Q: 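So that we are looking at the same thing, I have put the structure below in structure tokens.
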4 protein chains.
Amino acid sequence: MGQAAPVSTNHQEKLERLLELSAEIFADKGYHNTSIRDIARASGVSLAGLYYYFRSKEELLFRIQERLLRTVLDDLRRRLDDVHDPRERLRIFVHSHLRVFAQRRPAMKVLVHEYDSLTGEHREHIRALRHEYMETCLGILRDVRRFCGSGDAVVLRVAAFALFGMMNWTYTWYRPEQDVSVERLAEQLYRLFLGGFLRSGDAGRHLDRCAEPLGPGDAPWRS
Amino acid sequence: MGQAAPVSTNHQEKLERLLELSAEIFADKGYHNTSIRDIARASGVSLAGLYYYFRSKEELLFRIQERLLRTVLDDLRRRLDDVHDPRERLRIFVHSHLRVFAQRRPAMKVLVHEYDSLTGEHREHIRALRHEYMETCLGILRDVRRFCGSGDAVVLRVAAFALFGMMNWTYTWYRPEQDVSVERLAEQLYRLFLGGFLRSGDAGRHLDRCAEPLGPGDAPWRS
Amino acid sequence: MGQAAPVSTNHQEKLERLLELSAEIFADKGYHNTSIRDIARASGVSLAGLYYYFRSKEELLFRIQERLLRTVLDDLRRRLDDVHDPRERLRIFVHSHLRVFAQRRPAMKVLVHEYDSLTGEHREHIRALRHEYMETCLGILRDVRRFCGSGDAVVLRVAAFALFGMMNWTYTWYRPEQDVSVERLAEQLYRLFLGGFLRSGDAGRHLDRCAEPLGPGDAPWRS
Amino acid sequence: MGQAAPVSTNHQEKLERLLELSAEIFADKGYHNTSIRDIARASGVSLAGLYYYFRSKEELLFRIQERLLRTVLDDLRRRLDDVHDPRERLRIFVHSHLRVFAQRRPAMKVLVHEYDSLTGEHREHIRALRHEYMETCLGILRDVRRFCGSGDAVVLRVAAFALFGMMNWTYTWYRPEQDVSVERLAEQLYRLFLGGFLRSGDAGRHLDRCAEPLGPGDAPWRS
DNA sequence: AATGAATGAGGGTTCATTCAT
DNA sequence: CATGAATGAACCCTCATTCAT
């Protein structure tokens, strides 16, 4: 009677604490430069004890990335739910991304910086989630353009990557505690991007030597 | 005067070939995931032989980054030499950066991705060169703003990082051979940035919780 | 009187199932290459649960060997009970050994292949049972010889080991389902051995450098 | 001028010393129960230093087995070279096998006992060599039978395995220093086998329930 | 009677680096 | 200049085993 399955909950909680902690260490020293022993030491769990929670170091990395991506995607979907104005949707996208970045900095750095450290199925799995996120972004941009001008696929793709670049690069310099607030950062990046995006048109088209259309990139951010 | 130290030249050439090759491998597998043996194997030089050219693995990483940064800075200075129009200077900055990125992709990825892998003096040295580069960028942005509007330091800083983010992030997705040409990419990013930069003003200022004054605001974006 | 401890019976049954299963796995992968976890997985019992049935991995190995040896010895004694013809006794010995081999292949392989994996008292205990079995065999051979010729102890010993070699080696090649029937295999080995045994005499005696007397020689084989 | 490549020779010598030593330890403690550290300790070479000579523990096991098998096969071929009498050829086979067994006991035990510890290509390679050896044996037995009686394939196969069993099993009990001389052991086993082989005919044929002929087994001793 | 959680010890292997030649 | 040979330290991971429940 009363609460059910407290054991499982306990396990889940401890696991999440370990994910959080590991993300911090990976973010700090880099995945390959972090030893499982480092994590054992920091967590107070024995070396072997960790393997009760993850099958391998790479699975640990994978779980960190997957958990964050799911959070990001869920959060975004919820926020976009009943918003229809294209620019407002873009604004929400930028703000949501950066807010999560600020709140979960270590995991975000790991997600952005250590994608290449994954291999095999782990990588494939994360690639798929990143792809989904990228598609969401491209959809929004398409709507903005349809509303305000032409929607060249190549231009859209470059713009999307530019936007991700602006946002993701923050992990190299932005510290929420020392810099401007996330809200203001997000707003500035949003306006910076939107301002240029709306007027960029098919910039430099005439310069391009490759004629063929590129089609939708298979790379999410980059596979 | 006699022969000008042909041995030395030979040495220099071989060293540069090794730097290039190592950059490729580091870019491909990551610095920490690459072993000196990998480099020995790929170069045909014996394991011990490599240590004639570098004192340590980290020095190898350092040389790759330093060499590229010097190239970038020199190239940029030369191109900016007698150009005075602020926007044209910004345009040159963007194009120069991306052209080098495209021409020396492996080294660029290493420069961008493996900065944290440096320690001690090596890191400090590279930090200084990066700082110099950043200052050049900020100087250009300041000029653009002075020409066209207010030049809030915080806004400038965020804009500069946004620009770097857009450009540096390309290492994760842009392939010169498969994507749009570098020229077009550069032009689009330049316009995207400039368009937003010129109209972004002190976006979101009222949202900010930080107290410090930011200079006279201009018209809100939405008006 | 009442019920005869049904719990205990349950326990005994489960234990025997575990012995059987473990024998299979040990036979397949080798004792040292098998982990307790493998056994837990295969049996569906939890890792810790297994330790209710055995005190240690080695005790598990010991029980497998001991159980089989007792079976073999009991079976043999029963079959030899009222048989007095020496050759018939030998025949029974061979058939019995090989029949058990065929019926309990995994355990037999473990018994033959993993004797060295035992240590201390476990090893000593099994050694004693094996010795008993060997003595039974030697006794039979002695009778055969006494019946048909001289009974040199050395010759007997070598012959006994030869017989065991022929029989035990079957674990490396004989598969009851694919090869000749056990009956035929047993009969052929029996005749092969008996044929040679009866005529081998003190073969090669003159070749031997050992000085110890070997008893009166009989006619050379070639005569 | 003078001797060529002394370095290579040195390397080869050291490697062979390591093979020999490792064979002893594997024979003594078993392959899976021996750690590379044990070998390092016994050889005086550092742990990492060993990996200059073998790529892996399994390759070490493989080399031990391969080296011995090549020795055995070469030796046997040389001895059989100009001998034509079938019985003499059989005699040479048995003597050769046991002499090598006695001279290289540790390696022989490893070859016989640790075949299952090999995997993948290593195993396949050894399997092929064992097969070649087995075929040589079968060829000899066929000749003996053709000379003296019928040559049933199944009987031959069983006889061959019986012979191998007699000989290989010696690793479990025979100590050249304490037992009869190798020559005498070989002679006795040879006569024991030949005596039975020549008179065994198609023993127990009528007992067999499986009718189909077995054809030449693919297993050497047992793959 | 059974298990989830945990651990110390040790496994095979790779690493950056050195040094005599 | 260049290398073959060697090493100490550290890596990730698995092991048999225990103990509170």
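What you are looking at is a predicted structure, and each value in this text was computed from that prediction instead of being measured. In the text below, chain A, chain B and the rest are named by the order of the sequence lines, each starting its count at 1.
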Q: May I ask you to evaluate whether B:K14 reaches the phosphate of F:dA2, defined as a side-chain N or O under 4.0 Å from OP1 or OP2?
A: yes
Q: Quickly work out the B:L15 CG to F:dC1 P distance and round it to whole Å.
A: 12 Å
Q: Is there a donor N/O on one and an acceptor N/O on the other, under 3.5 Å, for the side chain of D:R37 and the base of E:dG10?
A: no
Q: Write down the distance between CG (C:D38) and P (F:dT14), rounded to a whole number of angstrom.
A: 12 Å
Q: If you draw the axis of the six-membered ring of D:F54, does the NZ or CZ of D:R63 fall within 45° of it and under 6.0 Å from the ring centre?
A: no
Q: Hey, does the side chain of C:K57 reach the backbone of C:T34 with a donor-acceptor pair shorter than 3.5 angstrom?
A: yes
Q: Tell me which of B:S46 and A:E58 sits closer to the 5' end of DNA chain F, going by the nucleotide each one is nearest to.
A: B:S46
Q: Identify the nucleotide, in any strand shown, that forms a Watson-Crick or G-U wobble pair with E:dA2, with both distances under 3.5 Å; if there is none, say none.
A: F:dT21
Q: Backbone N or O of B:Y171 within a donor-acceptor pair of the B:K109 side chain at under 3.5 Å?
A: no
Q: Using whole Å, report how far NZ of B:K57 lies from C1' of E:dT17.
A: 12 Å
Q: Rounded off to whole Å, could you give me the CG-to-C1' distance for the C:L47 and E:dG4 pair?
A: 10 Å
Q: Which listed nucleotide (E:dT13, F:dT17, E:dG8) is nearest to the side chain of A:A48?
A: E:dG8
Q: Please report, rounded to the nearest Å, how far the C1' atom of E:dG12 is from the CD1 atom of D:I36.
A: 7 Å
Q: Between F:dA2 and B:Y52, is there an OP1 or OP2 to side-chain N/O distance shorter than 4.0 Å?
A: no
Q: Hey, can you tell me if D:H11 and D:Y52 have their rings parallel, tilted or perpendicular (30° and 60° cut-offs)?
A: perpendicular
Q: Can you measure D:H32 atom NE2 to F:dT14 atom C1' for me and round it to whole angstrom units?
A: 14 Å
Q: For F:dA10, does OP1 or OP2 lie under 4.0 Å from any side-chain N or O of A:S35?
A: no
Q: Do D:E13 and D:R17 sit within salt-bridge range, that is, some charged N less than 4.0 Å from a carboxylate O?
A: no
Q: For E:dA9, what is the paired nucleotide under Watson-Crick or G-U wobble rules, both distances under 3.5 Å?
A: F:dT14
Q: C:L61 has an atom CG; how far is it from atom C1' of F:dC15, in whole Å?
A: 17 Å
Q: Would you mind reading off the distance between B:F54 atom CZ and F:dA2 atom C1', rounded to a whole angstrom?
A: 14 Å
Q: Which residue, D:Y53 or A:N33, contacts DNA chain F at a nucleotide closer to its 5' end, judged by nearest heavy atom?
A: D:Y53
Q: Let me spell it out: for each of B:R55 and D:Y31, pick the nucleotide of DNA chain E with the closest heavy atom. Which residue's pick is nearer the 5' end?
A: D:Y31
